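To start, the structure itself, in structure tokens.
On a predicted model such as this, the values are computed, not experimentally measured, just so you know.
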Amino acid sequence: MLVPVASASASVPEPRDEPPELIENGDFSDGTAPWWWTENSPGSVVDGRLCADVPGGTANPWDAIIGQNDLPLTAGESYKLSYTATSTVPVTIRTNVQMATEPWTTELAEADQIDGTAEPVSHTFTADADHTAAQLAFQIGGNEEPYTFCVDDVSLRGGATIPPYEPDTGSPVRVNQVGYLTNGPKNGTFVTSATQPLPWTLHDADGTERASGTTTPAGEDPTSRQNVHTFDFSDVTAAGEGYTVTIDGQKSEPFTIGDDLYAPLRTDALAYFYHNRSGIEIDADIVGEEYARPAGHVNVSPNQGDDDVPCQEGVCDHRLDAAGGWYDAGDHGKYVVNGGISVAQLMSSFERTLTTEGANGAPLGDGKLRVPEHGNATPDILDEARWQMDFLMRMLVPEGEPLAGMAHHKLHDRAWTGLPLRPDQDPQPRELHPPSTAATLNVAATAAQCARLFEPYDAGFAARCLEKARTAWKAAKAHPDVLADPNDGTGGGAYSDDDVRDEFYWAAAELFVTTGEDSFRQEVLGSPLHGDTDGVFPRGGMSWGAVAGLGALSMATVPNKLTAEQLGAVRATVTEAADGYAAASEDAAYGLPYAPADGHYVWGSNSQVLNNMVVLATADDLTGKNVYRDAVLRGLDYLLGRNALNQSYVTGYGERDSHNQHHRFWANQLDPDLPNPAPGSVAGGPNDGLQDPVAAEKLAGCAPSMCYIDDIESWSTNEITINWNAPLAWIASYADDLGSGGDGDGGTEPTCEVSYTSHRWNSGFTSYVSLKNTGDAPMSPWKLAWSYTDNQRITQAWSAKVSQNGRDVTAEALDWNAKLAPGATVTFGFNGTASGQVADPRVFTMGDRTCRTKPSG
């Protein structure tokens, strides 16, 4: 049978036209038009390619550009850009499709590594807006060496298909990739479609099975939209490395069980602050060659200095020496409100060792941390805090000027700088931004805390801190509603805050704890936040914009003049907030103590998790209840790998760690000659706001806890900041105390607790000291040391040999009370003379160990 042939018009579809080419002369067959270049890198056609000689020593990628303008883009359309390129020196260029005029908004922003091989490069993107004349810009500056760049076969067409981004989450068995404390909880999560319990097995490094059990189905986790099971192997207490859990043929990342897990994390998390100091050379002998760098912003060209900074035009007529301090985050800005909570938490980490039984101050002491101030008889953590406190107090408006005593909100570059860029290579002018009430109260709070902690080490600096605290408080009371402009975000973040009741509460609390003055007590008790648990400790966690909890934690833990009833109420606020965070941890499939009311993960969600953990840890310190401890440790599990992405968010910790965080110097992803972030740097974490182009493009539609990408360009999910690393350091110190509690040297020095009471009579005084051995080993003989901040002179002592050299005092055991058994207490006393106000010492030491101080009475 003959089969008729259908007509072509009836059966063959019309060929689809290829989308038009938007790049003109992309193969350079017609010379160089309409391509353009910056004056320092003139282009010419060589062997059919457009080549340019790029000078060395430029600061920014955009200091040398090859580009083409007048590219029409349609909002919602997807495009593919492709090209080939070579470079005589391996470089990382920036490939942007963007607006051709300010604010240069990008539709595509990629970092491409180019070398001597002409490998094809392609990118796809979807335009967010309509453009009649967009720009393609190959940004080829920012390299120290001169080189020749050549490009060819440039194409830009619409109609592209963008493959969906699929994160590599590795094993579905999610654990803390660092490990679990021997006697702590040990939990994990398994991602599976199964609805029935599944068997799990725990194997050691040799593959020997050490434990087994069955999972508990937990249903769909709303934060990740994953169906999950949980499992618990807390009964396993055998120390060891290389443990793994296997479920349904899937094996977890390896982890350790032991007690010496978190001492390195504490040290690394605190080293973050030295790494990010402004105004000082970062010493290779302290941090290693790859992280060493020259001092930033010290008037060495092309740098502007921070020692004589003017205000933004129209803001003020004065200039400030605002040198020092810490760079806030991935940029080179220095912000008072971000710096305030950061330095407060560093100081609180040390203060906890003075007030909490079992807290070990030795690893924070002189000679222990990565700072250059060793050998000055001051704990290293306070040396680091002082670097920031000096800067914060310099930000106050000078006397005689409008708004005198107020603090400038921030200091940063006039315009945004690009990545990568070391701070010493930053050419931008520096500017002070207007004062704000929030910044002023940050100075008042931190300077008051500084005053009490530095008394034993530098009475003059402590007095300066208290003076600045009072000055800032008085100025804030006189100007209670000077708010930062939310639109002041060019060159640095705005950090605006329209509610400063929490800053007033925090500052009043710190001033009260330090001075004991009733006026500050009344400010605290009269605050609308006092007693409001959710107001003091928001469900989503403390942050730079929600700081009332810092004041409550100080009042709850540091000896002060609250009545017993008032102290009980403050502590009840802490434990009530901790109860809520602990309940959230117990309910969460991944165990994290974070459950914001609206279910959204915010910018810096990991810091919110950590700040909730600080409240939980404090509740544990106050009550000894393991429910709080366990929630803290589950929070560490989450941060270190037991999460929806199987991602450790801390650089250098875990098999799958974040290491491309947003930072201008730690920018290995953009320049292989630069380092990755230093170990102990915590990424901001999931953020379903997706405020940067990389996150917006690749993570669109993500579940809240999945909205993260380890990409240096994703600043809204992957930035690192001082106010995120500060609670990480606090928690690492707490967790190490739960484990070994050692000083890193394997020592078994006993712990101690001191109660000190003093009574005035005419021009003299009588003081009593009770010393308790809270450790597991005897003290024999014991020797206690402290320092006065005033003119007290001891004239007669009993039950101890007491000697004094200037303001430094030592009390040594006598023959009959030389041995102090674990749990035993010895009491001694002395008389003395003094004039003026007599201040009780705050810090007592035995060797290099700081004793806990117990409230008197």
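- Between His275 and Trp666, the ring-plane angle classifies as perpendicular under the 30° and 60° cut-offs.
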Steps toward side chain to side chain contact (heavy atoms under 4.5 Å, CB included) verdict (Leu22, Arg157): CA-CA 6 Å; Leu22 302 182; Arg157 294 181 185 272; over 6 Å; no
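- A salt bridge does not link Arg94 to Asp112: none of the charged side-chain nitrogens sits closer than 4.0 Å to a carboxylate oxygen.
- One N or O on the side chain of Tyr653 and one on the backbone of Leu265 form a donor-acceptor pair closer than 3.5 Å.
- Put simply, the side chain of Glu107 gets close to the backbone of Ala129: a donor and an acceptor are under 3.5 Å apart.
- Put simply, CG on Asn660 and CD on Gln669 are 4.0 Å apart, with the number rounded to the nearest 0.5 Å.
- Around CD of Gln691, the count of heavy atoms belonging to other residues, nucleotides or ligands within 6.0 Å exceeds 12.
- Annotation: His433 is not in aromatic contact with His408 [ring centroid separation under 6.0 Å not met].
- The nearest pair of heavy atoms linking Thr84 to Pro120 is CG2-CA, 3.8 Å.
- Considering all non-hydrogen atoms of both residues, Gly493 and Lys410 come closest at O-NZ, 2.6 Å.
- Using cut-offs of 30° and 60° for the angle between ring planes, the Trp35 and Phe28 rings count as tilted.
- Checking Gln135 against Gln98 by side-chain atom types alone, a donor-acceptor pair falls below 3.5 Å.
- Here the CD1-CG distance, from Ile709 to Asn687, works out to 13.0 Å after rounding to the nearest 0.5 Å.
- Counted by atom type alone, Gln647 and Asn643 present zero donor-acceptor pairs between their side chains at under 3.5 Å.
- Distance check, rounded to the nearest 0.5 Å: CG of Asp306 to CG of Leu411 gives 5.0 Å.
- The two residues Leu432 and Val309 have their closest heavy-atom pair at CD1-O, 3.4 Å.
- For Gln177 and Asn646, the side-chain atoms include at least one donor-acceptor pair closer than 3.5 Å.
- Side chain to side chain, Asp688 and His600 meet the donor-acceptor criterion of an N or O pair below 3.5 Å.
- With Asp692 contributing its side chain and Ala695 its backbone, the two residues share a donor-acceptor pair below 3.5 Å.
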Pair Leu270-Leu346, side chain to side chain contact (heavy atoms under 4.5 Å, CB included): steps then yes or no: CA-CA 8 Å; Leu270 287 170; Leu346 258 64; 3.9 Å; yes
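- Between the side chain of Ser681 and the backbone N or O of Ala678, at least one donor-acceptor pair lies under 3.5 Å.
- With 3.5 Å as the limit, one finds no donor-acceptor pair spanning the side chains of Gln661 and Asn718.
- Of the charged side-chain nitrogens involved, none lies within less than 4.0 Å of a carboxylate oxygen, so that Arg49 and Asp47 do not count as a salt-bridged pair.
- With hydrogens and angles disregarded, no donor-acceptor distance shorter than 3.5 Å links the side chain of Asn303 to the backbone of Asn299.
- Using a cut-off of 4.0 Å between Lys/Arg side-chain N and Asp/Glu carboxylate O, Asp331 and Arg664 are scored as not salt-bridged.
- Shortest non-hydrogen contact noted between Glu290 and Pro675 is O-CG, 3.4 Å.
- Atom CZ of Arg656 is separated from atom CG of Leu640 by 14.0 Å, given to the nearest 0.5 angstrom.
- A distance-only check finds no donor-acceptor pair linking the side chain of His659 to the backbone of Val650 [under 3.5 Å].
- Between the CG atom in Leu419 and the CH2 atom in Trp715 there is a gap of 9.0 Å [rounded to 0.5 Å].
- The backbone N or O of Ala269 lies less than 3.5 Å from a partner atom in the side chain of Asn725, making a donor-acceptor pair.
- Taking each heavy atom of Leu645 and Tyr708 in turn, the nearest pair found is CD1-CB, 3.8 Å.
- Pro372 is listed as a side-chain neighbour of Arg277, based on a closest heavy-atom distance under 4.5 Å.
- By the 30° and 60° cut-offs, the orientation of the rings of Phe138 relative to Tyr83 is perpendicular.
- Side-chain atoms of Asn338 never come within 3.5 Å of backbone atoms of Asp328 as a donor-acceptor pair (strictly under, hydrogens ignored).
- Among all heavy-atom pairs drawn from Ala329 and His663, the shortest one is O-CD2, 3.8 Å.
- Distance CG/Asp128 to CG/Leu73: 10.5 Å, rounded to 0.5 Å.
- A donor-acceptor distance shorter than 3.5 angstrom exists from the side chain of Thr88 to the backbone of Thr148, with no hydrogens or angles considered.
- At a cut-off of 3.5 Å, with distance as the only test, no side-chain donor of Ser342 or Gln388 sits close to an acceptor on the other residue.
- In terms of modelled atom types and a separation under 3.5 Å, the side chain of Gln304 and the main chain of Gln428 share no donor-acceptor contact.
- Using cut-offs of 30° and 60° on the angle between ring planes, the pair Tyr147 and Phe149 is perpendicular.
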Intermediate values then yes/no, ring pair (Phe, Tyr, Trp, His ring centres under 6.0 Å), Tyr327 and His297: CA-CA 11 Å; Tyr327 297 121; His297 299 99; 5.5 Å; yes
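- Of the N and O atoms on the side chains of Thr126 and Ser78, at least one donor lies less than 3.5 Å from an acceptor on the other residue.
- When only modelled atom types and interatomic distance are considered, Asn606 and Trp724 share no side-chain donor-acceptor pair under 3.5 Å.
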